[in-house]
Amino acid sequence: MAPVKVTFTINGITTEALEGSFLLASLKANKIDVPTLCHHKDLVPNGTCRLCVVEVTDRGKTKTVTSCNFPVKEGMVVSTEAPSVVRNRKVLAEMYLGRWPNVPAVKEVAKKVGVTGSRFSSDLTDENPKACILCGRCVRACETFIQEKIIDFAGRGIKRHMGMPFGEVDPHCVGCTSCAYVCPTGAIEVIDDMNHPVDPLLIRNHGMRVNAEMANLDPSQCRMREVGTANIVEVMDAYDLLPVCNYKFGSHKDTPKIDSKVLKEQYFTQGHADQCWHGCSMACAKAVDGYILKTGPYQGDAVCVDGPEYETSAGGSNMGCFDPDFIVEFNFYCDTYGLDTISSATTIAFVMECFEAGIIDTTITGGKVLNFGATDEALELLHEMARGEGFGVDVGQGIRFLKEKWARELGADAAFLHDIGMEAKGLEYSEYVSKESLAQQAGYTMAVKGPQHDEAWLIFMDMVNNQIPSFEDKAEALYYFPLFRTWFGLMGLCKIVWNDVSPADNKKHPPQEAAKIPEHVHNYWKFFEGMTGIPLDEKKMLDQSARVHNLQKLMTLMLGYGTRQSDVPPYRAMGPVTEEEYLSRQERYDGQLTANLGLDPASMDLPAKMSALRTFRYEQYDKVLDAAYKRRGWTREGVPTLERLTELGIDLPELVEIAKKYQ
Amino acid sequence: MVVVNDRDHVAWHEGMTVHQVLKAMGYSYVLITVSVNGKHVPREEYETFAVPDGADFKAFHLAHGG
Ligand code: SF4
Ligand code: SF4
Ligand code: FES
């Protein structure tokens, strides 16, 4: 629905504004200054101080209203200088000045309306320049930013004052400092003695930008507060990116059974800030209370489950299990056993495909019929993995182990197992389908610690936006993002406030820059500067990170995983391994054969089409690797050059010795 | 024909809106910035902004998650 604009006059000037917007914004847009005290740009106005009064005539009726919370109306006539409102403001300002004569914000307002002294001095007069003036901004900040009422008015009449319940420090206060940030007088003092930052105010001011975005933008953006990371289950399904049945497919008709709506409506009972990052108001962590376990050592117990997150739900779909109870229970037991939900789900998905393909049978699985979607059997397998019993002994060692063992002992087709075993460098892939994004295939597989996506998530930039079309563009993204993400990880900064909310005007940047979310990167630099006193820019940040990233790379070499061969994904991450997969997206793949290779799919049989696509995709991948290695200052083998080590100041003899072996 | 993100094609019809192009592409994401022939189209105008035939349509998805 296109929004409706209304027309009205202010002091005789005709103006327009969106219906439903508040009058104060129109006054400001017309450069008309009225005094305010309780208004703050990041808070919902509530008309407490009454200093912003104006006169409005609407359909023949004239009244005095507070402009900060008065919605504009078609045809109304506004006067900011009517004698009655001018008088009103003056008397109010004088009263404020009488009670709080030394508070700078009050003095400023008084000066603005031409009041210099006050007739209202009394026993209540408070000489403190940082006195609380009862404007209520802090109460609204706590409500808006944290969805709490930790700080509130207490007492009545002249005894009214601000505080926490019973005058004690409330343990539920997350220390977000929102209340102090909006306070116009400095009545709320923040004592920054944690970790002794050099410039706590710098950190707070930038932290508050994040808090304000969370409060004002998150509800219409990612809904992190409402449903946490689970919000992308349905998004990934819609874009054919949700892993289904060991990454064969990217969507499924049953996804609505495990999406964020279901989790929110039927499961999540907790959604408050959990202090994982001090003062964070995003509160993306969700939890399920009172879930009664159906299996395992705690069967029948009511437990609290931390999650599910996106990856936990997507792990469910990857095992073909679209039962939310199963996902919650799987989540609980992985956490309780200390198993990684992603590696466990991806490994079991692989086991299920091997079972369906006839590579293993019930004599191997200990009698378990492990088809996709077998929720009870998957849980039983998880318990066995944790107990170190039966089939679980092997499965608990991951996909690389299983591939090798089954090829060796069962005579299974090693090439097929390699194609469908979603691991690289011995680590299981996390839960996104990367088939249509060359940059993400590399982002995953080049990651030094194995194919998780905390080095790079480039699927939208590449596959959907087509904004990094050339190999050099992809290489640039594979340079910047892994180094940026490594950097903030090193600093202990959370990723979520980088790109799970974005500034309303982020669109002003050209796409390549917009993808970086420059304002948020800047916030991170300021957090660093506030902590250490050292100012940063992009180059300094990337160089700091590159030193560690290259060191990590050398470590992977020491562990035997750092060369080009380790950076090549299994084909399941790159394209359709089976005929079933090809046929399920036939139109797409046939179209690519024509567009990219000039072939006529109609004249080819299925194996020929699959083979042509596969060859093409591997060639493309090789080119991406070449370009990315070059951009990173690595050899064609994926090893840091000696010049790069020198440039980064990490050319220590013992490191040079490792790198030299591979030059 | 409308060219989306320099690559995909959507059949054009008289009076086609931004909303209809996004729908045809299956683009349901919340953080999309749209430009038509280089001009940014605000979200409020998705249902009214007419996309001309042959338009260079950009739907920039700002990644979150991941
Ligand atoms: S610091 Fe944050 S949580 Fe604590 S009282 Fe202030 S606004 Fe509320
Ligand atoms: S503490 Fe500050 S923000 Fe809260 S009511 Fe008092 S003056 Fe206003
Ligand atoms: S600013 Fe409008 S009532 Fe305080």
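Residue numbers begin at 1 in each chain, while the letters A, B, ... track the order of the sequences.
- Neither the backbone nor the side chain of A:Ser430 comes within contact range of chain B, judged by heavy atoms closer than 4.5 Å.
- Under a 3.5 Å cut-off, the side chain of A:Asn466 and the backbone N or O of B:Asn5 do form a donor-acceptor pair.
- Residue A:Val464 touches chain B through both its backbone and its side chain, counting heavy-atom pairs closer than 4.5 Å.
- Side-chain contact between B:Leu31 and A:Ser502 is present, with at least one heavy-atom pair separated by less than 4.5 Å.
- Between B:Tyr29 and A:Tyr239, the two ring planes are perpendicular [angle over 60°; tilted spans 30° to 60°].
- Residues A:Ile517 and B:Leu62 form a side-chain contact, since some pair of their non-hydrogen atoms from C-beta on lies under 4.5 Å apart.
- When A:Arg223, A:Met463, A:Gln452 are compared by the number of non-hydrogen pairs under 4.5 Å with chain B, A:Met463 comes out ahead.
- For A:Gln467, the part sitting under 4.5 Å from any heavy atom of chain B is the side chain, from C-beta outward, and nothing else.
- A 4.5 Å side-chain heavy-atom check between A:Pro511 and B:Thr33 finds every atom pair outside the cut-off.
- For A:Lys264, the NZ atom is loosely surrounded, since the number of other residues' heavy atoms within 6.0 Å does not exceed 12.
- For the options A:Met236, A:Glu431, A:Met224, A:Lys507, heavy-atom pairs under 4.5 Å to chain B are most numerous at A:Lys507.
- When heavy atoms are compared at a cutoff of 4.5 Å, B:Tyr27 approaches chain A by way of both its backbone and its side chain.
- Close approach to chain B, defined as a heavy atom under 4.5 Å from one of its heavy atoms, is seen in no residue of residues 588-598 of chain A.
- The contact list for residues 12-21 of chain B toward chain A, using heavy atoms and a distance under 4.5 Å, is empty.
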